[in-house]
S.K.: 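This is the structure I want to talk about, given as structure tokens.
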There are 2 protein chains.
Amino acid sequence: MKKVSYSCGLDAAMDVVGGKWKALILWHLHAEPLRFGELRRRVGGISEKMLTQQVRELERNGVLHREVFEQVPPKVIYSLTEFGQTLNAALEPLGEWGHRHMETIEAMPRD
Amino acid sequence: MKKVSYSCGLDAAMDVVGGKWKALILWHLHAEPLRFGELRRRVGGISEKMLTQQVRELERNGVLHREVFEQVPPKVIYSLTEFGQTLNAALEPLGEWGHRHMETIEAMPRD
DNA sequence: ACAAGTACCCACTATTTTGTAAGTATGAAG
DNA sequence: CTTCATACTTACAAAATAGTGGGTACTTGT
């Protein structure tokens, strides 16, 4: 979180779920809780450092829950909180849109 | 646009509307076409450079339309394309969510 | 004895994104 | 004749974001 006040709801929401990975992480947790490694494999392309970092922020923001099992080898399970579920639901139309226009988006000029 | 293929719709959508300003710009254009200066005032806090840059990308991506009037002083009007309108519609639940949880978001730990 | 697997942390570097300040053209107003 | 306004552009600086390679602790399997 960077700002303290927002010009509108979208501004605020983007501050929570913006960035390269957060939305994706939520997305992949929508069906079931996952362990760190499994989450990493599903998100794809994310480094360990980034995943820990993003997941910790999401935890601090009350979007997801982190359950640590005191074992060796370590085991940590991530799941959406209720708050996180409402956020994920709000993200769904955007995901739908992206899905529907995937080809158009892939064909967009990149530089 | 950075990627050429996406793991899911949300991934793709975030690539179009991610970043600090783009979603906000779309949002403020939802009701009516606006001139550069007016758009800038409404978005608030954005520099001229950033606005031009973001708006040009959105134009290249077919999200908004840019109409130049060959006058002095210059006049340029921005409006959503139909595509942009579908995107804005998909963004609405997220904006709603942000609006509903504004206080929670503002109270989130920032560092 | 030794490598493999887990979920990290740390220091460091690279890349990307964002911001700041200045300059441009032209005409109208004072 | 100087200033103001518009919608930019350019060069440069700063800040945010991302990646790399190393290390850790302990257990299980070879």
Side-chain angles (χ1 to χ4, degrees), chain A residues 1-4 6-7 11 14-25 28-29 33-61 64-79 108-111, chain B residues 1-4 6-7 11 14-25 28-29 33-61 64-79 108-111:
Chain A
M1 307 298 86
K2 304 138 204 165
K3 308 182 191 173
V4 184
Y6 301 96
S7 64
D11 191 9
M14 290 300 286
D15 210 9
V16 177
V17 89
K20 194 169 174 182
W21 302 112
K22 287 183 179 171
L24 246 28
I25 292 171
H28 286 284
L29 283 173
L34 295 173
R35 292 185 60 171
F36 183 86
E38 183 57 21
L39 183 55
R40 191 187 166 190
R41 273 186 291 281
R42 302 221 188 167
V43 171
I46 190 171
S47 70
E48 295 198 337
K49 186 190 116 179
M50 272 296 125
L51 185 52
T52 337
Q53 202 176 299
Q54 304 294 313
V55 120
R56 290 294 171 84
E57 276 186 46
L58 289 168
E59 189 199 4
R60 273 188 301 139
N61 294 347
L64 55 78
H65 180 66
R66 183 165 170 267
E67 190 176 2
V68 182
F69 293 77
E70 295 292 355
Q71 306 175 348
V72 173
K75 177 177 174 183
V76 181
I77 291 192
Y78 296 94
S79 54
M108 283 174 176
R110 52 209 75 250
D111 31 34
Chain B
M1 305 297 85
K2 304 137 202 165
K3 307 182 190 173
V4 184
Y6 302 97
S7 63
D11 192 10
M14 290 301 285
D15 211 9
V16 177
V17 87
K20 195 168 173 182
W21 302 112
K22 287 182 179 171
L24 246 27
I25 292 170
H28 286 283
L29 282 174
L34 295 173
R35 292 185 63 171
F36 183 88
E38 183 57 20
L39 183 55
R40 190 186 168 192
R41 272 185 292 280
R42 302 223 187 164
V43 170
I46 191 172
S47 68
E48 295 196 336
K49 185 192 115 180
M50 272 295 126
L51 184 53
T52 346
Q53 200 176 94
Q54 304 293 316
V55 121
R56 290 290 171 87
E57 277 185 45
L58 290 168
E59 187 198 7
R60 275 187 301 139
N61 295 346
L64 54 79
H65 180 67
R66 182 164 169 269
E67 191 176 2
V68 182
F69 294 76
E70 295 292 355
Q71 306 176 347
V72 171
K75 176 177 175 183
V76 181
I77 291 191
Y78 296 94
S79 53
M108 282 175 177
R110 51 211 75 248
D111 29 36

S.K.: Within this structure, what is the CG-CD distance for the pair L24(A) and Q54(A), rounded to the nearest 0.5 Å?
M.R.: 10.5 Å
S.K.: Could you tell me whether a side-chain N or O of R40(A) sits under 3.5 Å from a main-chain N or O of I46(A), the two making a donor and an acceptor?
M.R.: yes
S.K.: With rounding to the nearest 0.5 angstrom, report the CG to CD1 distance, L34(A) to I25(A).
M.R.: 11.0 Å
S.K.: Under 4.0 Å, counting only non-hydrogen atoms across every strand here, what does F69(A) touch: a base, just sugar-phosphate, or nothing?
M.R.: nothing
S.K.: Kindly indicate whether the side chain of K20(B), heavy atoms from C-beta on, has any atom under 4.5 Å from the side chain of M50(B).
M.R.: no
S.K.: Tell me: CG of L34(A) to P of dA7(C), nearest whole Å?
M.R.: 11 Å
S.K.: What is the separation between atom CG on L39(A) and atom C1' on dT6(C), rounded to the nearest whole Å?
M.R.: 14 Å
S.K.: Apply side chain to side chain contact (heavy atoms under 4.5 Å, CB included) to M108(A) and R60(B), showing your working.
M.R.: CA-CA 8 Å; M108(A) 283 174 176; R60(B) 275 187 301 139; over 6 Å; no
S.K.: Over how many whole Å does the gap from E70(B) atom CD to dA7(D) atom C1' extend?
M.R.: 12 Å
S.K.: Rounding to an integer number of Å, can you tell me how far Q71(B) CD sits from dA7(D) P?
M.R.: 10 Å
S.K.: F36(B) has an atom CZ; how far is it from atom P of dA7(D), in whole Å?
M.R.: 7 Å
S.K.: Verify the contact: side-chain N or O of R35(A) to OP1 or OP2 of dA7(C), cut-off strictly under 4.0 Å; return yes or no.
M.R.: yes
S.K.: Under 4.0 Å, heavy atom to any atom of DNA chain D: which of residues 46-56 of chain B qualify?
M.R.: E48(B), K49(B), T52(B), R56(B)
S.K.: If I take atom CG from residue L64(A) and atom NZ from residue K22(A), how far apart are they, to the nearest 0.5 angstrom?
M.R.: 10.0 Å
S.K.: Can you check whether K20(A) has a side-chain N or O nearer than 4.0 Å to OP1 or OP2 of dA16(D)?
M.R.: no
S.K.: Send over the distance from L24(A) CG to dA18(D) P, rounded to a whole Å.
M.R.: 12 Å
S.K.: Detail all sub-3.5 Å separations between protein N/O atoms and N/O atoms belonging to nucleotides 25-27 of chain C.
M.R.:
none

S.K.: In whole Å, I'd like the distance from the CZ atom of R66(A) to the C1' atom of dT6(C).
M.R.: 13 Å
S.K.: Between C1' on dA18(D) and CZ on R40(A), what's the gap in Å once rounded to a whole number?
M.R.: 13 Å
S.K.: State, with a plain yes or no, whether a side-chain heavy atom of T52(B) is found less than 4.5 Å away from one of F36(B).
M.R.: yes
